[in-house]
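Some notes on the structure that comes next.
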Amino acid sequence: MLFATINDDVVNMILPLLDQEDALRLACTCRSLREPSMRRALSHFTIRGTYGNNDRIQSFCDYLLAEPESRPLCLRSLFIHDVWKRDNLVPAFTSLATVLRLARSLRELYIARQVKFVIDACPAFAEALASVESLNAFDSYNVDWDVVSPILSRMPSQLRVLRFEVESSRRRRRAAKTQGLHHFVNSLTTLILYHVPNIPDALDQHTVWPHVHTLSLFNGHVHSLRDLSCAFPNVRALRVGNLNLADCATPPAWSHLDFANIEADIPLACPIHHLQLAVDCQDRYTDPLFTRMMEMVGGTSCVALSAFFSTRLLHCAAAQIHTLRVLQLDATRAFWDEKPDTLIVSLMHICVQCCSLIVPQDSLLTILKTLPLRILTIEFRFAPSPEECEKYAQRIIEGLPSLELVGIIRSGSACVEGYTIEASDVVRWDFSGCALYQALSLSTPGIKKSGALSEYSGRRLYDRILDELQCRLLPVRY
């Protein structure tokens with residue numbers, strides 16, 4: 001079948017998967033594909049602080065403005081990473097301002113670093129940013145709030161996703177109240193804040209955000225999680241890292257969470273469907289943090305647990321989390337001086353000494369057998385050979401007969417795809433660097449062997465099990 005004869009709906013599904021260069025090549029193949037391929041090629045534009053960048057911006061704008069009724073409508077995302085102060089920016093960014101006024105399909109806007117210099121030098125560009133009506137996501141990195149606030153306060157768009165990181169030079173100062181966010185109260189669904197010194201003051205502690213279901217807070221101050229849950233009563237996905245709590249005892253008022261990524265021992269006294277511990281809990285560390293963390297973990301009744309590999313953590317999970325069905329382990333930090341076999345053997349707990357810890361024979365294996373685990377994935381800091389992967393999978397399946405799927409992941413390959421804007425929600429796991437094995441029953445009752453799966457078959461089985469459990473796995477590193 002010729003590509004040009006494929007149904008238009010199918011073509012429109014395929015084109016977003018192409019990068020811009022491939023879309024441009026496809027546009028040169030035939031007339032019927034030129035228009036949809038050019039829409040894809042023009043849908044994203046990135047500005048970086050490289051020599052001659054102004055000429056590139058001007059050329060892009062001139063091309064779009066040559067057909068002002070149609071071409072600017074193709075622009076759906078604009079990323080301004082950096083600009084050079086020594087360049088004469090006014091002509092190029094004045095043209096870009098004209099494009100923005102016509103880009104009624106723009107959905108994502110990312111600004112960073114020296115954008116303040118552009119806004120000061122070109123007021124027309126600032127006015128154009130503030131007049132965009134179609135934005136869904138706004139992302140600012142290392143930009144002062146004094147620059148962002150005047151833009152957001154006048155923006156008619158109904159933002160759904162907002163990511164904001166305070167400029168490094170102002171992280172220690174008191175944040176101004178974010179008056180520009182008030183008219184997003186009824187539209188915002190995802191809020192991500194980095195380095196905001198006093199989060200309640202920044203958001204106005206008397207404001208309730210009823211539609212925010214994904215909340216990420218990093219390196220800020222909050223009086224208590226109870227105050228946070230009152231301001232965001234309908235949160236379902238929570239990510240917190242290095243959060244300073246004045247009141248560490250009062251639990252939040254959330255009845256349950258679908259997902260939580262925790263980098264500190266915070267008092268989450270509610271059921272969590274998928275708990276991700278982004279904390280190093282290796283056996284060689286005896287910090288009281290681990291004890292407090294395990295007390296919190298024991299009360300979550302989680303179905304999926306993601307964490308860095310830790311013998312103590314496995315003991316805790318087996319003893320306290322009887323609802324566990326999916327276990328995701330990142331072993332890239334564990335047993336740096338040990339051989340791969342030691343890691344797998346220690347996982348199965350067959351009388352081995354590792355990191356000065358003597359593990360009793362079969363103690364954890366016996367306990368883990370009581371948990372009906374269905375998926376177990378392990379990420380290594382090295383790249384095991386196919387023979388080693390199959391050997392490890394077979395050992396795990398023999399030890400835990402309830403398993404349906406085992407994943408052996410190479411370090412650095414546990415990436416994600418399908419995001420809408422930097423640091424926002426992830427929708428799909430990348431299996432390209434993952435060896436997947438299915439547990440196959442033999443004629444002898446109770447005995448199983450591992451069967452290698454293709455990327456396609458593994459993804460189908462993986463997605464089917466997670467759909468049944470109503471959860472999804474993300475890399476432990478956030």
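Quick note: residue numbers are just sequence positions, from 1. Source: prediction; values computed, not measured.
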TODO: Return yes when atom CZ of R460 has more than 12 non-hydrogen atoms of other residues, nucleotides or ligands closer than 6.0 Å, and no otherwise.
DONE: no
TODO: Output yes when a side-chain donor or acceptor of R40 lies under 3.5 Å from a complementary backbone atom of P36, and no otherwise.
DONE: no
Open item on the list: Restricting to non-hydrogen atoms, name the atom on S255 and the atom on P271 that form the minimum distance, rounded to 0.1 Å.
Closed with: O-CD, 3.3 Å
TODO: Compare every heavy atom of L159 with every heavy atom of F138, then report the nearest pair and how far apart it is.
DONE: CB-CD1, 3.8 Å
Task: Separation between OH of Y462 and CG of L405, rounded to the nearest 0.5 Å - done: 8.5 Å
Task: Exercise: do Q58 and S95 side chains pair donor with acceptor under 3.5 Å - done: yes
Open item on the list: With side chain to side chain contact (heavy atoms under 4.5 Å, CB included) as the criterion, how do I80 and Y110 come out once you've worked through the C-alpha distance, each side chain's angles and the decisive distance to 0.1 Å?
Closed with: CA-CA 6 Å; I80 307 175; Y110 173 92; 5.9 Å; no
Task: Rounded distance [0.5 Å steps], CG in L469 versus CD1 in I465 - done: 7.5 Å
Open item on the list: Could you check whether any side-chain heavy atom of L162 comes within less than 4.5 Å of a side-chain heavy atom of D139, counting everything from C-beta outward?
Closed with: no
TODO: Give, for atom CG of L215 and atom CZ of R239, the distance between the pair rounded to the nearest 0.5 Å.
DONE: 10.0 Å
Open item on the list: Run the side chain to side chain contact (heavy atoms under 4.5 Å, CB included) test on H256 and D258 for me, step by step, so that the C-alpha distance in whole Å, both residues' side-chain angles and the decisive distance to 0.1 Å come before the verdict.
Closed with: CA-CA 7 Å; H256 73 280; D258 296 332; 3.8 Å; yes
Open item on the list: Donor-acceptor pair, distance only, cut-off 3.5 Å: does the side chain of S134 make one with the backbone of R104?
Closed with: yes
- [ ] Name all pairs fulfilling the ring pair (Phe, Tyr, Trp, His ring centres under 6.0 Å) condition that reach into residues 88-107, sequence neighbours left out, sorted by first residue then second.
- [x] F93-F125
TODO: Tell me, with the steps shown, if E127 and R101 meet salt bridge (charged side-chain N to carboxylate O under 4.0 Å, His left out).
DONE: CA-CA 9 Å; E127 290 296 326; R101 293 190 185 95; over 6 Å; no
Open item on the list: I want to check something: taking the side chain as every heavy atom from C-beta on, are F164 and V148 in contact at a cut-off of under 4.5 Å?
Closed with: yes
Task: Cation-pi geometry met for R163 and Y141 (6.0 Å, 45°) - done: no
TODO: Evaluate the side-chain proximity of L191 to L188: yes if any heavy-atom separation is below 4.5 Å, no if none is.
DONE: yes
Task: H213-F232 aromatic ring centre distance below 6.0 Å - done: no
- [ ] Verify whether the ring centers belonging to F218 and H195 lie closer than 6.0 Å.
- [x] no
Open item on the list: As an exercise, state the distance from CG of L26 to CE of M38, rounded to the nearest 0.5 Å.
Closed with: 11.0 Å
Task: Side chain T323, main chain S301, donor-acceptor under 3.5 Å - done: yes
TODO: Give a yes or no on whether R107 atom CZ has more than 12 heavy-atom contacts from other residues, nucleotides or ligands under 6.0 Å away.
DONE: yes
Open item on the list: Nearest 0.5 Å, please: how far is CG in L436 from CZ in R459?
Closed with: 9.5 Å
Task: side-chain hydrogen bond (donor to acceptor under 3.5 Å, both in side chains) between H274 and S306, worked out - done: CA-CA 8 Å; H274 178 191; S306 305; 2.9 Å; yes
Open item on the list: Tell me whether H221 contacts the main-chain N or O of A246 through its side chain, where contact means a donor paired with an acceptor under 3.5 Å.
Closed with: no
Open item on the list: Is any side-chain heavy atom of L324 closer than 4.5 Å to one of L373?
Closed with: yes
Open item on the list: Side chains of L135 and M155, heavy atoms from C-beta outward: is any pair under 4.5 Å?
Closed with: yes
Open item on the list: In the structure I gave you, are the side-chain heavy atoms of H273 and F259 within less than 4.5 Å of one another anywhere?
Closed with: no
Open item on the list: Could you tell me if the side chain of V212 sits less than 4.5 Å from the side chain of T190, heavy atoms only?
Closed with: no
Task: Spacing of R34 atom CZ and C28 atom SG [to the nearest 0.5 Å] - done: 6.5 Å
Task: Taking every non-hydrogen atom, the tightest pair across V90 and A121 - done: CG2-O, 3.5 Å
TODO: Identify the heavy atoms of V208 and P233 that sit nearest to each other, and give their distance.
DONE: CG1-CD, 3.9 Å
Open item on the list: Donor-acceptor pair, distance only, cut-off 3.5 Å: does the side chain of N234 make one with the backbone of P210?
Closed with: yes
Open item on the list: Before you tell me yes or no, could you show the steps for C122 and T94 under side chain to side chain contact (heavy atoms under 4.5 Å, CB included), namely the whole-Å CA-CA distance, both residues' side-chain angles and the distance that decides it to 0.1 Å?
Closed with: CA-CA 7 Å; C122 185; T94 299; 3.5 Å; yes
- [ ] Could you label the plane-to-plane angle of the F60 and F45 rings as parallel, tilted or perpendicular, counting under 30° as parallel and over 60° as perpendicular?
- [x] parallel
TODO: Search all heavy atoms of C302 against all heavy atoms of L305 and return the closest pair with its distance.
DONE: SG-CB, 4.2 Å
Open item on the list: Is a donor from one side chain sitting under 3.5 angstrom from an acceptor on the other, for S454 and S457?
Closed with: yes
Open item on the list: For the residue pair D247 / T250, report whether a side-chain donor-acceptor contact shorter than 3.5 Å exists.
Closed with: yes
TODO: Quick one: do H44 and F79 satisfy ring-ring contact (aromatic ring centres under 6.0 Å, His included)? Show the steps, please.
DONE: CA-CA 8 Å; H44 175 79; F79 282 25; 4.9 Å; yes
Open item on the list: Under a 3.5 Å distance rule, please check whether S229 uses its side chain to pair with a backbone N or O of R226 as donor and acceptor.
Closed with: yes
Task: Main-chain N/O of Q328 paired with T377 side-chain donor or acceptor, under 3.5 Å - done: no
Open item on the list: Tell me whether E468 is salt-bridged to R374, with the criterion being a basic N under 4.0 Å from an acidic carboxylate O.
Closed with: yes
- [ ] Classify the side-chain pair H211/S187 by whether it contains a donor and acceptor separated by less than 3.5 Å.
- [x] no
TODO: Give the intermediate values and the outcome of salt bridge (charged side-chain N to carboxylate O under 4.0 Å, His left out) for residues D467 and R464.
DONE: CA-CA 5 Å; D467 286 344; R464 178 179 64 79; over 6 Å; no
TODO: Indicate yes or no for a side-chain donor-acceptor contact from T214 to the backbone of A237 under 3.5 Å, with no hydrogens or angles considered.
DONE: no
TODO: Would you check if N244 and N219 make a side-chain contact, meaning some heavy-atom pair closer than 4.5 Å?
DONE: no
TODO: Heavy atoms only: give me the nearest L268-P252 pair and the separation to one decimal.
DONE: CD2-CG, 3.9 Å
Open item on the list: Quick one, L238 with V240, criterion side chain to side chain contact (heavy atoms under 4.5 Å, CB included). Give me CA distance, side-chain angles, the key distance, then yes/no.
Closed with: CA-CA 7 Å; L238 178 69; V240 292; 3.8 Å; yes
